Q: 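Next up is a structure, given as structure tokens.
Chain letters run A, B, ... following the sequence lines, proteins first and then strands; every chain starts at 1. This one's a predicted model, so the numbers in the text were calculated from it and none came from an experiment.
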Number of protein chains: 2
Amino acid sequence: MANIRLSDVAKLAGVSPKTVSNVVHGYAHVRDTTRARVQQAIDELGYRPDVRGRSLATGRTMMLALAFPDLRIPYFAELAHVIAEAAGERGYRLLLEESGGAREVERAILSADEAGIVDGVLFQPVWLTSTEIAQHRGDIPVVLLGENTAPLTVDHVHIDNIAAAVQVVEHLAALGRRRIAYVCAEHPRPSETSRLRLIGYQQGLEACGLPVDPSLIVSGTVGNADAARDALGAALDAGMAPDALVCRDDLAAMGALRALAERGLRVPEDVAVTGWDDITLATAVRPSLTSIRADGRELARRALDLLLERIDGFDGLGRHEVVGHSLVVRESAPGV
Amino acid sequence: MANIRLSDVAKLAGVSPKTVSNVVHGYAHVRDTTRARVQQAIDELGYRPDVRGRSLATGRTMMLALAFPDLRIPYFAELAHVIAEAAGERGYRLLLEESGGAREVERAILSADEAGIVDGVLFQPVWLTSTEIAQHRGDIPVVLLGENTAPLTVDHVHIDNIAAAVQVVEHLAALGRRRIAYVCAEHPRPSETSRLRLIGYQQGLEACGLPVDPSLIVSGTVGNADAARDALGAALDAGMAPDALVCRDDLAAMGALRALAERGLRVPEDVAVTGWDDITLATAVRPSLTSIRADGRELARRALDLLLERIDGFDGLGRHEVVGHSLVVRESAPGV
DNA sequence: ACCCATTTTTACAGCGCTGTAAGTTCACCG
DNA sequence: CGGTGAACTTACAGCGCTGTAAAAATGGGT
């Protein structure tokens, strides 16, 4: 089946190609009779516009990229879902790019060596520093997501990690917990996200008048429940005796739940546990997870707004926006 | 920064545009001195090929779509990851499309009203019947994924659901379980996937000489652990007393674990539980899940091979391929 | 019937690239 | 030193569509 082109429709309808284009786009100034004739030709031939020609002519692809570490991490999958939905409402498709958490790949994403694929990029870096980000070629609009410090020249949407971490610690302290551990700081160098959460963790302890004890910080691989279980398990076996855990994310929390259960420690009676991200499964595990929940819909909305403004030509300094978060209290660290 | 075009590079290097194109593509018959000169011009100008022009000229976009119900379901996220990886190895990007499990959207995916976005589609339908699929416009190559019966004219890659379900039941029977329930059949009409798994479940029971008891079939929403927990919980409260559960997928299994635990039933001592999909978190919950694992890498490989053959013009009858699966035995339904 | 202001339609050129086929240059042989 | 095939390079046309600006048609007065 040879592909039907705009001009084929035009020929059949006896109008110029541009008029067909106008009909396809619902342009107002087309006589009803003309529109009907063109529409009939479209239907008759089964014409479907080819976006490549269009995008070459308009300079827009109506596609955005969302770049983040790994689709298999529930938080990112859920984020992608929300953003794809919001992008769709604005007429854009979403292309997902996984960096695998590798600095190389993150760099490649910013300096893409092919143009014309997407109109803009939403990018959640893990390792790239703001200096590196600031040096990106700038051929294409970028909005940063997540917790990294962003350069002044680039838009950025995030939650207040420090405040959230403080809130978590205060919640645990209000439950009477005194030996509050932090589970899964990357080793040897924490990602920016972890760094901020650790700062908040420490601030929270200080605010509650609790000592900051480095031996209560468990290092481990991020984004992997089993790794968290092993890391925490080893720490517990080595004698660490926390009465609460601030976990870097829900996956770590799930691993922690296992490690605790395997040692006969009850949650929350013996050890209260909090997660981060409030993934869907947070309600399915037992006990269900108390967790920090970012306002994902708002995050998607703001990020897309900023990006679309850039695509429309806005060229000012970077905007840095904070979206809301909340502590969702569940069984693993219940309310007082 | 005005965009640099191929012709700009050609001008600077003093060659024809086509020669620049040849250099970009690593075409063999370019004199070294020419290549060097062109390369220098490319670097100097920071030229990056525009894929839109290329794809208009070649007729290829080097993008594939993967359409499935919902990114937030871990199995699909993990599937998307594997397929994206395999597609990348073949030089293709992957565009994800979520159907939301809606028949309407599934139909729209097949009869996309815009052309030229992707070169082919991998499609995991939930509700579309093979008749409907067979009637799709055929403008674009499609390979079906997953468990639906596919029309004879369309390629299809799947695992043997019936055999896998039989295997699960036999495993449970070998543990001495006699009252093996099935958790989460969609109500009122099961999806094709559920139907096949139910058939296998029944066959397995018969093969083991166990009675098929309809009251051991729990209906419920699919893809949602909490719904599974509620559905199973209600059934248990109503007096159902299984000693094993075949769960439709790992999410259902996780919900089931909760429902059982809340009622003081021990897994696997009182009730053995199996899942399906072997998602990453299957090892993180407690007890870890015995689950059916499809060979995802092989699935991705085969599906892409078939699709790329279609894109290359293959026009024969549909190929139907079965990829391997295995029963991964863990704590929730241990080996004998 | 004619003029003017709209409304509707069109011609044109070009977005950036590559396949084809037809040059042109080169190295080497007789 | 011409001839020859291989190695290299290019002209051309067109992939399918849309922005622009200008032309054509229409309608409403006078």
Q: Looking at every strand, decide which applies to Ser55(B) at a 4.0 Å heavy-atom threshold: base, sugar-phosphate, or nothing.
A: nothing
Q: Contact class for Arg52(B) vs. all strands (heavy atom < 4.0 Å): base, sugar-phosphate, or nothing?
A: nothing
Q: State whether the side chain of His25(A) and the backbone N or O of Ser21(A) hold a donor-acceptor pair below 3.5 Å, judged by distance alone.
A: yes
Q: May I have the distance from His29(A) (atom NE2) to dA23(D) (atom P), rounded to whole angstrom?
A: 19 Å
Q: For Lys11(A) and dG16(D), give me the distance from atom NZ to atom C1', rounded to whole Å.
A: 13 Å
Q: On DNA chain D, check which nucleotide each of Ala57(B) and Val30(B) is closest to and give me the residue with the more 5' one.
A: Val30(B)
Q: Is there side-chain contact between Glu97(B) and Arg93(A), with at least one heavy-atom pair below 4.5 Å?
A: yes
Q: On a heavy-atom basis, which atom in Ile140(B) and which in Val118(B) lie closest, and how many Å separate them?
A: CD1-O, 3.3 Å
Q: Could you check whether Val51(A) gets within reach of a base, just the sugar-phosphate, or nothing at all, counting any heavy atom under 4.0 Å?
A: nothing
Q: Indicate whether OP1 or OP2 belonging to dT9(C) is found under 4.0 Å from a side-chain N or O atom of Thr34(A).
A: yes
Q: Tell me whether the side-chain N/O atoms of Ser21(B) come closer than 4.0 Å to OP1 or OP2 in dT18(C).
A: yes
Q: Measure the distance from CG on Asn3(B) to P on dG14(C) and round it to the nearest whole Å.
A: 18 Å
Q: Please tell me if His25(A) has a side-chain N or O lying less than 4.0 Å from either OP1 or OP2 of dT18(D).
A: yes
Q: What nucleic acid atoms does Arg54(A) come within less than 4.0 Å of, heavy atoms only: base, sugar-phosphate, or nothing?
A: sugar-phosphate
Q: To the nearest Å, give me how far apart CG (Leu6(B)) and P (dG16(C)) are.
A: 11 Å
Q: Starting from P on dC15(C), measure out to CG on Leu56(B) and report it in whole angstrom.
A: 13 Å
Q: Quick one: is dT10(C) close enough that its OP1 or OP2 comes under 4.0 Å of any side-chain N or O from Tyr27(A)?
A: no
Q: Write down the distance between CZ (Arg48(A)) and P (dG16(D)), rounded to a whole number of angstrom.
A: 13 Å
Q: Salt-bridge test for Glu106(B) and Arg103(B): reply yes if a basic N is under 4.0 Å from a carboxylate O, no otherwise.
A: no
Q: Search all heavy atoms of Glu98(A) against all heavy atoms of Asp70(A) and return the closest pair with its distance.
A: OE1-OD1, 3.3 Å
Q: If the cut-off is 4.0 Å, is Arg31(A) near the phosphate of dT8(C), judged by side-chain N/O to OP1 or OP2?
A: no
Q: Students often get this wrong, so: under 4.0 angstrom with heavy atoms, is Thr19(A) touching a base, only sugar-phosphate, or nothing?
A: base
Q: Give the rounded distance in Å between these two atoms: CD1 of Ile117(B) and C1' of dG16(D).
A: 14 Å
Q: Can you check the Arg60(A) CZ to dT18(D) C1' distance for me, whole Å?
A: 14 Å
